[in-house]
J.: 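One structure coming up, written as structure tokens, with questions to follow.
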Amino acid sequence: MFQSKPRIPNETLANWQRIVDLISRLTDVPASLVMQTDAPDHSVFVTSRGPENPYEVGRKFTLNERLYCYGVLKNDGELVVEDATCDPVWADNDDMEHGMRFYVGYPLKWPDGDVFGTICVLDRRRNRKALMFRDGLMEFARVIEADLQLLSEIEERKRLEAALQTALDQMEQRVEERTADLEEANTALRVLLSNVEMSRDEYDEKVLGQIKGLVLPHLGKLRSRLKADAAASAYLEIIDENLRAISASMSNRLTIAFDTLTPSEQEVAQLIMHGQTTKDIARTLSREPSTVEFHRNNIRKKLGLQRSGQNLRSMLRSMQ
């Protein structure tokens, strides 16, 4: 069932005007009408054009038993009154005001069965030509109902398209909101993963710095001092291999920097990081201060600090 009754557009009204004018000429009647029913009112919707037609568009009647069209709607079918003056049922009907004693009419309905109104012809005399045109009048009624069907389908299509567009808009809104939520969640996840990755890298770098910068250089000294002890040397080799295996997949700035230094330079760099002066390092390593200074210069050169004025200890600590 259609949800609402559409407005009759001007184009359709113009077609209906041509229909009632044609009916009026073919049947030689003064009035051919399309009436619209909106109970309790029954009004002239389209009227044929002619000097003898007393019915103007918009004129209203109240549905009652003394109205021809009431009989059409009550019968839900054809009503023929050949001469109301000879029919006690219609002798005093409302249209006798204009002397309209002849009437033929049919109901007009919307496609859902609701009443639109009637189509009819009226005359001040018994009209034989109009009686013979009853089938034609019925066919014109079907033409008007076909227009009502088309208008209703167009209205229903518009309603469905509007509902579909509303549903699509709502779906797009939900998609946008869901996309925004996912983007926000992805951003948070990326930040979390980045922080986890950063923490892991920082941890790895610290472990690398401690293994390669603080432990491995001392293993070389132990190895030279334990050559006579085969068992100790074997364990030392195992320790060395395991430490290198652990740090094989890790990398950081300090480790990379230490890889460019000789073992002696690594020792000096480590002691510099601990805040020892050249004299302190010389005493610790039993070397001449000039030798320690030589290593310091080489370290600065390998780290690109020559003539930079940057403090070597600060540079090394920043790489941890």
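All heavy atoms count here, side chains included; hydrogens, waters and symmetry mates do not.
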J.: Rounded to the nearest 0.5 Å, what's the gap from CD1 on Ile281 to CD on Gln276? Could you check?
T.: 6.0 Å

J.: Under a 3.5 Å threshold, yes or no: a donor from one side chain and an acceptor from the other, between Gln165 and Asp169?
T.: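 Yes, Asp169 and Gln165 have a side-chain donor paired with an acceptor closer than 3.5 Å.
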
J.: Taking the side chain as everything from C-beta on, heavy atoms only, tell me whether Glu82 gets closer than 4.5 Å to Val80.
T.: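 In contact.
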
J.: With a 4.0 Å cut-off on N to O distance, would you call Glu52 and Arg125 a salt bridge?
T.: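 No salt bridge links Glu52 with Arg125.
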
J.: Let me confirm one number: the CG-NZ distance from Asp114 to Lys5, rounded to the nearest 0.5 Å.
T.: 4.0 Å

J.: Hydrophobic clusters here meaning ILVMFWY residues chained together by side-chain heavy-atom distances under 4.5 Å, can you tell me if Leu22 and Phe45 are in one?
T.: yes

J.: Among the clusters formed by ILVMFWY side chains lying less than 4.5 Å apart, do Val46 and Leu122 turn up in the same one?
T.: no

J.: Does Gln173 CD have over 12 foreign heavy atoms under 6.0 Å away?
T.: yes

J.: Ignoring hydrogens, what is the shortest heavy-atom contact between Thr47 and Gln17? Give both atom names and the distance.
T.: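 What the structure gives for the nearest pair is O-NE2, 2.9 Å.
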
J.: Between Gln149 and Glu153, is a side chain to side chain donor-acceptor pair (under 3.5 Å) present by the stated rule, with each step listed?
T.: CA-CA 6 Å; Gln149 170 80 29; Glu153 290 177 352; 2.6 Å; yes

J.: Would the distance check show the side chain of Asn75 and the main-chain N or O of Gly77 forming a donor-acceptor pair, the cut-off being under 3.5 Å?
T.: no

J.: For the pair Asp21 (side chain) and Arg49 (backbone), establish whether a donor and an acceptor sit closer than 3.5 Å, ignoring hydrogens and angles.
T.: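 Flag set: sc Asp21 to bb Arg49 pair under 3.5 Å.
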
J.: If you draw a 6.0 Å radius around CD in Glu56, do more than 12 non-hydrogen atoms from other residues or ligands fall strictly inside?
T.: no

J.: Working to the nearest 0.5 angstrom, can you tell me the gap between Arg18 CZ and Ser48 OG?
T.: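 One gets 15.0 Å once the value is rounded to the nearest 0.5 Å.
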
J.: Roughly how far apart are Glu11 CD and Asp147 CG, rounded to 0.5 Å?
T.: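 The CG atom of Asp147 is 11.5 Å from CD of Glu11, to the nearest 0.5 Å.
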
J.: As a quick check of understanding, evaluate side-chain contact (heavy atoms from CB on, under 4.5 Å) for Val34 and Ile19, giving each step before the final call.
T.: CA-CA 10 Å; Val34 172; Ile19 287 175; over 6 Å; no

J.: Centroid separation under 6.0 Å, is that true for the rings of His98 and Tyr55?
T.: yes

J.: Compare every heavy atom of Arg101 with every heavy atom of Arg124, then report the nearest pair and how far apart it is.
T.: O-NE, 2.9 Å

J.: Taking the side chain from Ser24 and the backbone from Val20, do they hold a donor-acceptor pair closer than 3.5 Å?
T.: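 Such a contact is absent between Ser24 side chain and Val20 backbone.
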
J.: Within a strict 4.5 Å, meaning less than it, do heavy atoms of the Asn93 and Met100 side chains meet?
T.: no

J.: Quick check: closest heavy atoms across Gln266 and Leu261, and the distance to 0.1 Å?
T.: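 Scanning both residues completely, I find the closest heavy atoms to be NE2-O, 3.3 Å.
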
J.: Would you say Ile23 and Ile119 make side-chain contact, with heavy atoms under 4.5 Å?
T.: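 They are in side-chain contact.
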
J.: Can you name the nearest heavy-atom pair linking Asp123 to Pro30, along with the distance?
T.: OD1-CD, 3.2 Å

J.: Is it the case that one hydrophobic cluster holds both Leu312 and Val292, taking links as side-chain heavy atoms less than 4.5 Å apart, direct or via other members?
T.: yes

J.: What heavy-atom pair brings Ala141 and Leu108 nearest, and what distance separates the two atoms?
T.: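 Answer, listing the atom of Ala141 first, then Leu108: O-CD2, 3.6 Å.
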
J.: List, by chain and then residue number, the residues other than Leu193 in its hydrophobic cluster (Ile/Leu/Val/Met/Phe/Trp/Tyr, side-chain heavy atoms under 4.5 Å); write none if there are no others.
T.: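 Via sub-4.5 Å side-chain contacts, Leu193 links to Leu189.
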
J.: For the hydrophobic clusters of this structure (ILVMFWY residues joined by side-chain heavy atoms under 4.5 Å, transitively), does one cluster hold both Val104 and Leu73?
T.: no

J.: Got Cys120 and Leu79 here, is their nearest side-chain heavy-atom distance under 4.5 Å?
T.: no

J.: I'd like to know if Arg142 pairs up with Glu139 as an ion pair, taking the criterion as any Lys NZ or Arg NE/NH1/NH2 lying under 4.0 Å from an Asp or Glu carboxylate oxygen.
T.: no

J.: I need the Tyr103 OH to Leu67 CG distance, nearest 0.5 Å.
T.: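 Reported to 0.5 Å precision, the distance equals 8.0 Å.
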
J.: Decide yes or no for Met96 and Trp90: does some side-chain heavy atom of the first lie under 4.5 Å from some side-chain heavy atom of the second?
T.: no

J.: For a quick test of reading the model, state the closest non-hydrogen atom pair linking Thr260 to Lys302 and the distance between them.
T.: O-NZ, 3.1 Å

J.: Dump the intermediate steps for side-chain contact (heavy atoms from CB on, under 4.5 Å) on Tyr68 and Val81, then the final yes or no.
T.: CA-CA 8 Å; Tyr68 287 133; Val81 179; 4.0 Å; yes

J.: Are the charged groups of Arg283 and Asp280 less than 4.0 angstrom apart, N to O?
T.: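 Here Arg283 pairs with Asp280 in a salt bridge, since their nearest N and O are under 4.0 Å apart.
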
J.: Less than 4.0 angstrom from a charged side-chain N to a carboxylate O is my criterion; do Asp38 and Lys60 meet it?
T.: no

J.: Phe102, Leu26: one ILVMFWY side-chain cluster at the under-4.5 Å cut-off?
T.: yes

J.: Rounded at 0.5 Å granularity, tell me how far CG in Leu131 sits from CG in Asn127.
T.: 7.0 Å

J.: Report yes or no: does Glu145 contribute a side-chain atom to a donor-acceptor pair with the main-chain N or O of Lys109 at less than 3.5 Å?
T.: yes

J.: So do Ile8 and Leu148 actually touch side chain to side chain, heavy atoms under 4.5 Å?
T.: yes

J.: When you measure from the side chain of Arg287 to the backbone N and O of Ala282, does any donor-acceptor pair fall under 3.5 Å?
T.: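 No: the side chain of Arg287 does not pair with the backbone of Ala282.
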
J.: How about CG on Asp92, more than 12 heavy atoms from neighbouring residues, nucleotides or ligands closer than 6.0 Å, or not?
T.: yes

J.: Is any side-chain heavy atom of His42 less than 4.5 Å from a side-chain heavy atom of Val115?
T.: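 A side-chain contact under 4.5 Å is absent here.
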
J.: Measuring only between side-chain heavy atoms, which start at C-beta, is Ile272 closer than 4.5 Å to Val268?
T.: yes

J.: Using a strict cut-off of less than 4.0 Å between a Lys/Arg side-chain nitrogen and an Asp/Glu carboxylate oxygen, indicate whether Arg159 and Glu156 qualify as a salt bridge.
T.: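 Here Arg159 pairs with Glu156 in a salt bridge, since their nearest N and O are under 4.0 Å apart.
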
J.: Has Asn64 got a side-chain atom pairing as donor or acceptor with Thr62's backbone, closer than 3.5 angstrom?
T.: yes

J.: Could you list the residues that satisfy salt bridge (charged side-chain N to carboxylate O under 4.0 Å, His left out) with Lys129, not counting sequence neighbours?
T.: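 Result, salt bridge (charged side-chain N to carboxylate O under 4.0 Å, His left out) vs Lys129: none returned.
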
J.: Any donor and acceptor pair, going by atom type alone, linking the side chain of Gln36 with main-chain N or O of Phe116 inside 3.5 Å?
T.: no

